Amino acid sequence: MTRLSSYFLPTEREAPADAEAISHILMVRAGLVRQVGAGLWSWLPAGWRVQRRVMQIVREEMNAIGGQEMLMPVLNPAEVWRRSGRYGIDELFKLQDRKGTDMVLALSAEEIVTQHIATAVRSYRDLPLILYHFQTKERDEPRPRAGVLRTREFIMKDAYTFDRDREGLDAAYDRHVAAYDRMMDRCGLEWYRVESDVGMMGGFGAHEYMAPCPAGENEIALAPGYAANVEVASAEPQPVTLPPRLDEPELVDTPGMTTVKAVARSLDVPQGALLKAFPVIVDEDAMKLVVVRGDHQVNEIKLRNALGQAFRPAHPDEVERRLGPPGFIGPVGAELPVLLDEAVRVDGRGSYVAGANRPDVHLRGVEPGRDFHYETVDVRTVLEGDTVDGSVIRIEPAIEVGNLFKLGARYSEPLNATYLDESGSEQLIWMGSYGFGPARAAAAAVEQYADEQGISWPRTLAPFDVDLVVLGQEGSEERRVADRLYSELRDLGLDALYDDRDSGPGEKFADAELLGCPVRVTVGRKALAAGEVELQIRRGRESRTIPMDGAAEAIAEVWRGLP
RNA sequence: CGGGGAGUGGCGCAGCCUGGUAGCGCACCCGGCUGGGGGCCGGGCGGUCGCAGGUUCAAAUCCUGUCUCCCCGACCA
């Protein structure tokens, strides 16, 4: 029996001074988690119950698609990380054992699991495989934040698939999509599956499962039938009214005007009528000029993907030397390859304003094609109000709860994970990886459903199904009825938290609503006199009384109908 | 890594400018009252003021250094 009087649930009336995010404040106040250091958290009994419920949902869905649960260590020899090329990651905790051997704390398990596959799998007959574990991940984040949303140590379910070819990987991936859809639904979260960046190492596709909430660190672009991480989103730009064309570009004085805003205002044109130039360096010293509309921003991830390689913004002195004074640079007359964002439209009627590569002047009447050569790219960050298939997109903050990656041979190649096909020739194994963060799912649920009174858990994640509050002292009739109700609820398979503390009703109600169990049942003198108990639905805080006879069944019935 | 803020009982804070042996609310303990929205009365326990060094007769307070935490940004395989 879980009696609150002897349960470790240290609730706080006031929010921790340094907390900002809703989930951070409420999970601490409700006694679910406690901070140990920056990005390091203990999960107290009630909080751990929540996380375990998420884990069990994830486990069931992984098993349903043929996943096999295992366990791999957190502490790894550095050697295999060197071989995979991930030893240099800044976020990777590095240490030595007593013999001086380099070790690392794993931030995921691709190396280890691939090593096992490399030594154990010989034949196409051994494939495909879906392996997963729930294990602590260690990441030396530059900036942990928002309570449990971004931490340096956390439990992640990470799954890895091994297939003989691209088709096999696609099928495994699709099965994970279906499983993840179900996990998110079962966690009671509002969620989106979004297209996402495949990352530095390339890959063949990636999705993220995003739970929209105010404290989210990511931004997602949404329109009917469209959902993408802003990092990779593409959309039709909002139109801009351009000034009329000229026979040739002409200089205009713009003294000291180094910002788009200042130039646009001075020339009385919309900011979108300017061309913003962004010089980048690739291959050590080759400069390219990326040009976007003045009201747009270069998206560095999209640019990297468009370039197909890493780049860095040019330093001011490089810009000065090869183009002109920063703030006044532009594509006209630049002896550089120009990458022009596709939102810059060339319609033969309007023209643009661009830097003249000389101090204190700009050029107006600039027309791409006529006045400079270019290659078209899609490298801008989409904006709210842009459209996809005619629908306006909105941008929402969201927290990444899960991600799916088609890795291909990213790890199997360096770690030599191969198999022999029917003809006896050696082939690389095609891999996928699939993460899910139970702590983030829990925090996202707090973020999405909290109200003035506290947390309001989805039924499937709540630490307890029912918060049973008894009002009445030791030995009272109320206590006897509540004791009986508790065991009846348990017999029906409901987990109840029994608030048997010797405190006033206000405190008990406040704590119950802070903790956020989906149903609160109150046994008190008044209702009892009428042969009833009170039942409150946490979400919406609607109350009703129900007859004492058959109360447990009635509560179970209500509970089953809750989201 | 850049910018900003904060470390004083379990939690939230005041005191610091103008040095003089630490205070408030909540929580906690004891007694009593109360008993449907954090109730009331009385009595208590609990802090070498993040750490180290310095100035001074005297340091929470002034000086120097250092550690830690939070927020914004950068970063986030």
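Chain letters run A, B, ... following the sequence lines, proteins first, then strands; residues in each count from 1. Note that this is a predicted model, so its numbers are computed, not measured.
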- Please work out if A:S503 contacts a base, only the sugar-phosphate, or nothing of the nucleic acid, heavy-atom cut-off 4.0 Å. base
- Using the P atom in both, what is the distance from B:rA14 to B:rG32, to the nearest Å? 38 Å
- Item | Selected nucleotide, minimal atom distance to A:A38 side chain, candidates B:rC70, B:rG37, B:rG73 | B:rC70
- Task: Among B:rC70, B:rG37, B:rG73, find the nucleotide with the atom closest to the side chain of A:Q35.
- Result: B:rC70
- For the residue pair A:E208 and A:N229, confirm or rule out a side-chain donor-acceptor distance under 3.5 Å. yes
- Using the P atom in both, what is the distance from B:rC45 to B:rG50, to the nearest Å? 24 Å
- Message: For a quick test of reading the model: is some side-chain N or O of A:R145 closer than 4.0 Å to OP1 or OP2 of B:rC72?
- Response: yes
- Would you please say whether a donor-acceptor pair under 3.5 Å links the side chains of A:D158 and A:H133? yes
- How is A:D511 classified with respect to the nucleic acid when contacts are heavy atoms under 4.0 Å: base, sugar-phosphate, or nothing? base
- Complementary nucleotide for B:rG9 - Watson-Crick or wobble, under 3.5 Å: none
- Would you confirm whether the ring centroid of A:F436 sits within less than 6.0 angstrom of the ring centroid of A:Y132? no
- Query: How far, in whole Å, is B:rC26 from B:rA22 if one measures between their P atoms?
  - Reply: 22 Å
- Query: So what does A:A510 hit on the nucleic acid, given a heavy-atom distance under 4.0 Å: a base, only sugar-phosphate, or nothing?
  - Reply: base
- Query: Can a donor-acceptor pair be found between the side chains of A:D500 and A:S5 at a distance below 3.5 Å?
  - Reply: yes
- Query: Within the modelled atom types, does a donor on one side and an acceptor on the other bring the side chain of A:R29 and the base of B:rG12 under 3.5 Å apart?
  - Reply: no
- Query: Just checking A:P16: base, sugar-phosphate only, or nothing, at a heavy-atom cut-off of under 4.0 Å?
  - Reply: sugar-phosphate
- Query: Do A:R175 and A:T161 get their side chains close enough for a donor-acceptor pair, meaning under 3.5 Å?
  - Reply: no
- Just call it for A:A206: base, sugar-phosphate, or nothing, with non-hydrogen atoms closer than 4.0 Å on any strand. nothing
- What nucleotide, of B:rA74, B:rG39, B:rC75, holds the atom closest to the side chain of A:E300? B:rC75
- Task: Nearest-nucleotide wise, let me know which of A:E12 and A:G39 is further upstream toward the 5' end of RNA chain B.
- Result: A:E12
- Task: Would you mind classifying the nucleic acid contact of A:R501 as base, sugar-phosphate or nothing, using non-hydrogen atoms under 4.0 angstrom?
- Result: nothing
- Message: Mind checking if A:R139 touches a base, just sugar-phosphate, or nothing, with heavy atoms under 4.0 Å?
- Response: nothing
- For A:A19, report the nucleic acid contact type (base, sugar-phosphate, nothing); a contact means any heavy atom under 4.0 Å. nothing
- Note on the structure: Among B:rC13, B:rA27, B:rG37, the one nearest any side-chain atom of A:P505 is B:rG37
- Task: Quick one: pull up CG in A:L105 and CG in A:L75 and give me the separation to the nearest 0.5 Å.
- Result: 6.0 Å
- 5'-most contact on RNA chain B (nearest-nucleotide basis), A:A21 vs A:R541, goes to A:R541
- Query: Which of the following nucleotides, B:rG38, B:rG37, B:rA74, is nearest to the side chain of A:E507?
  - Reply: B:rG38
- Task: Please tell me which of the listed nucleotides, B:rA77, B:rC71, B:rA27, lies nearest to the side chain of A:I89?
- Result: B:rA77
- What is the nucleic acid contact for A:E14, judged by heavy atoms within less than 4.0 Å: base, sugar-phosphate only, or nothing? base
- Message: Can you tell me whether the side chain of A:E513 and the base of B:rG37 have a donor-acceptor pair closer than 3.5 Å?
- Response: yes
- Task: Answer yes or no: side-chain N or O of A:D18 and base N or O of B:rG5 forming a donor-acceptor pair under 3.5 Å.
- Result: no
- The Watson-Crick or G-U wobble partner of B:rC1, with both key distances under 3.5 Å, is B:rG73
- Item | Base partner of B:rU66, which must satisfy Watson-Crick or wobble distances under 3.5 Å | B:rG50
- Query: Paired with B:rC57: which nucleotide, if any, by Watson-Crick or G-U wobble criteria at under 3.5 Å for both distances?
  - Reply: B:rG20
- Query: At under 4.0 Å between heavy atoms, what does A:D140 touch on the DNA or RNA strands: base, sugar-phosphate, or nothing?
  - Reply: nothing
